[in-house]
Amino acid sequence: MAEVTEKKEITEPVETESRAYGTATTSAKTLKYFLLGIILRGLLFAFTLTSVILMITAKQTEYVRSPLTRMAELRPAKWSYSPAFIFFVSALWMVCGYSVSSMLNTLVCRKKCATNKFLIQTVLADVLVFGILASATGTAGGVAYIGLKGNSHIGWFKICNIYDKFCRHIAASLVLSLVALVILLIIITLSTIQTRC
């Protein structure tokens, strides 16, 4: 009997050490996900803000030959003339503000961020924002494609051969928005993985 109790005494410290090691690796993982999430949310802010600035500065005025009168008229092209671009800019502003508020929220409640309830709420909000930005990017991309290629079946003429600077601004803004969508998808994936830890 004395031998059995000695073996138990020897194994108990080993279990405690393995638990402590498991806790240390879990907290190191949590800290790594926390820092990566903050960095990605900062990048999301930077990309959406740059995309908004490019869209708002998308203006150009050129002489355009009217198909009816065959005379050249001075006509402006602005992002605010299209409801799809207005929706796109509004969605970008919303995502830009959300990225700042979610980054601050994560920084303020760092200890509470390890709870599953907070992480699930964050993932749901991230998915909602992802859906809004994806729909706005798709809508603006459809209008931009018609501006680039036109539609001969309906009689819509392409305008990017005339308003080249305007179209470059919109194209750059759409590319940055797509990068922001990828960043948001990575944030959602990391938050989901973090709830499993």
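Keep in mind that what you see is a predicted model, and the values were worked out from it rather than measured.
- Looking at every heavy atom in both residues, Ile86 comes nearest to Ser80 through CD1-O, 3.4 Å.
- By the criterion of side-chain heavy atoms lying less than 4.5 angstrom apart, applied directly or through intervening Ile, Leu, Val, Met, Phe, Trp or Tyr residues, Ile183 is grouped together with Met94 in one hydrophobic cluster.
- To the nearest 0.5 Å, atom CG of residue Leu185 and atom CZ of residue Phe130 are 5.0 Å apart.
- Here the shortest heavy-atom pairing between Ala180 and Leu44 reads O-CD1, 3.5 Å.
- We find the NZ-CG distance between Lys32 and Leu190 to be 9.5 Å, quoted to the nearest 0.5 Å.
- Annotation: the span from Thr106 atom OG1 to Ile38 atom CD1 amounts to 5.0 Å, rounded to 0.5 Å.
- Two residues are said to be in side-chain contact when any heavy atoms from C-beta on lie closer than 4.5 Å; Lys149 and Lys158 fail this criterion.
- Under the side-chain hydrogen bond (donor to acceptor under 3.5 Å, both in side chains) criterion, Arg75 pairs with Glu73, not counting sequence neighbours.
- Atom OG1 of residue Thr48 and atom CG of residue Leu133 lie 8.0 Å apart, to the nearest 0.5 angstrom.
- One hydrophobic cluster, built from ILVMFWY side chains closer than 4.5 Å, holds both Leu176 and Ile53.
- Considering only heavy atoms from C-beta on, Asp126 comes within 4.5 Å of Arg41 through its side chain.
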**Q.** Evaluation steps, side chain to side chain contact (heavy atoms under 4.5 Å, CB included), between Tyr98 and Ser101
**A.** CA-CA 5 Å; Tyr98 171 76; Ser101 65; 4.2 Å; yes

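- Here the side chains of Leu178 and Leu181 are in contact, with some heavy-atom distance below 4.5 Å.
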Q) Could you walk me through whether Val143 and Phe88 pass the side chain to side chain contact (heavy atoms under 4.5 Å, CB included) check? A) CA-CA 11 Å; Val143 172; Phe88 182 56; over 6 Å; no

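- A distance-only check finds no donor-acceptor pair linking the side chain of Ser51 to the backbone of Phe47 [under 3.5 Å].
- Residue Val175 is not grouped with residue Leu184 when hydrophobic side chains (ILVMFWY) are merged at heavy-atom distances under 4.5 angstrom, including chains of intermediate members.
- Applying the salt bridge (charged side-chain N to carboxylate O under 4.0 Å, His left out) definition to pairs two or more places apart or across chains, none involves residues 174-190.
- Here the closest heavy-atom approach between residue Ala77 and residue Phe166 is recorded as O-CD1, 3.7 Å.
- Looking only at side-chain heavy atoms (C-beta outward), Ile39 and Phe34 stay at 4.5 Å or farther from each other.
- Judged purely by atom type and a 3.5 angstrom limit, Ser82 has no side-chain atom pairing as donor or acceptor with the backbone of Trp79.
- Considering only heavy atoms from C-beta on, Leu92 comes within 4.5 Å of Ser173 through its side chain.
- With a 6.0 Å radius and a threshold of 12 heavy atoms from other residues, nucleotides or ligands, Tyr63 has its OH atom at or below the threshold.
- Summarising the geometry of Ile162 relative to Glu62, their closest heavy-atom pair is O-CG, 3.7 Å, with the distance given to 0.1 Å.
- Hydrophobic clustering, with ILVMFWY side chains joined whenever heavy atoms are under 4.5 angstrom apart, keeps Tyr145 apart from Leu54.
- Rounded to the nearest 0.5 Å, atoms CG (Leu174) and CZ (Phe85) are 7.0 Å apart.
- One side chain, Thr137 or Ser177, offers a donor N or O that lies under 3.5 Å from an acceptor on the other.
- Side-chain contact between Val95 and Ile132 is absent, with no heavy-atom pair separated by less than 4.5 Å.
- Rounded to the nearest 0.5 angstrom, Asp164 CG and His169 NE2 are separated by 10.0 Å.
- Closest approach of Lys59 and Lys78 over heavy atoms only: CG-CG, 4.1 Å.
- Tyr163 is not connected to Phe157 by any chain of hydrophobic side-chain contacts under 4.5 Å among Ile, Leu, Val, Met, Phe, Trp and Tyr, and they are in different clusters.
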